[in-house]
Amino acid sequence: FDTAEIFARSLDHPWDELIIEERLYLASAEEILNVIHNQPDYLDQVMLFGHNPGMTELINLLSTSSISNLPTCGICELTYKIDSWFQVGDLPPDIELLDFPKKLKK
């Protein structure tokens, strides 16, 4: 919750739109994907915060890349052209971005 709070504040995200989903804490890739699938279709974007190994497994499940570990504070953005969140995972994403703090030090 602390990380989501920091990001929400930095992005000026309205607090009343922040949803705390306890089952994301240490969830498996399949559990995280289930949370994604159950998002309302009127949402254009969803930002999830979680922990490894589930987040790394989810990236490897959904993206065309393969990573051994999503580092602490790592960010993965996957963009899809879909009509429903339930379609996530059926096709590869149109855009993939992976970034993390140590990458900026180089």
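- With respect to Leu70, the side chain to side chain contact (heavy atoms under 4.5 Å, CB included) criterion is satisfied by exactly one of Leu58, Ile59, Asn60: Ile59.
- Remark: side-chain polar atoms of Gln87 are paired, donor with acceptor, to backbone N or O of Asp83 under 3.5 angstrom.
- Cluster annotation: Leu62 is connected to Val46 through the hydrophobic network of ILVMFWY side chains, with a link wherever side-chain heavy atoms come within less than 4.5 Å.
- To the nearest 0.5 Å, atom CZ of residue Phe86 and atom NE2 of residue His37 are 5.5 Å apart.
- Dense packing is recorded around CG of Leu11, with more than 12 heavy atoms of other residues, nucleotides or ligands lying under 6.0 Å away.
- A donor-acceptor contact shorter than 3.5 Å is absent between the side chain of Thr56 and the backbone of Asn52.
- Connection of Ile36 to Tyr42 is established within a shared hydrophobic cluster, with ILVMFWY side chains joined at heavy-atom distances below 4.5 Å, either directly or through further cluster members.
- To the nearest 0.5 Å, atom CG of residue Leu78 and atom OG1 of residue Thr64 are 9.0 Å apart.
- Inter-residue side-chain proximity for Trp85 and Leu43 is flagged as met; some heavy-atom pair is nearer than 4.5 Å.
- Between Tyr25 and His51, the ring planes are perpendicular. Angles over 60° get that label, and only those under 30° would be called parallel.
- Interatomic distance, CG of Leu33 versus CG of Leu61, reported as 6.0 Å (0.5 Å rounding).
- The CG atom of Leu97 sits 9.5 Å away from the CD1 atom of Ile95 when rounded to the nearest 0.5 Å.
- Residue pairs meeting the salt bridge (Lys or Arg N to Asp or Glu O under 4.0 Å) criterion with at least one member in residues 19-29, sequence neighbours excluded: Glu21-Arg23.
- Under the rule for a side-chain contact (heavy atoms from CB on, under 4.5 Å), the partners of Glu31 that lie at least two apart in sequence or sit in another chain are Ala27, Ser28.
- Within 6.0 Å of the CD atom in Glu17, the count of heavy atoms belonging to other residues, nucleotides or ligands exceeds 12.
- Atom-to-atom distance recorded for Met55:CE and Ile75:CD1 is 10.5 Å, nearest 0.5 angstrom.
- In this structure, the side chains of Val88 and Tyr80 come closer than 4.5 Å at one or more pairs of heavy atoms.
- Listed by first then second residue, pairs satisfying salt bridge (Lys or Arg N to Asp or Glu O under 4.0 Å) with a partner in residues 39-66 number zero, not counting sequence neighbours.
- To the nearest 0.5 angstrom, Gln39 atom CD is 10.0 Å from Asn34 atom CG.
- Annotation for Gly74 and Pro101: closest pair N-CD, 4.5 Å, computed over non-hydrogen atoms.
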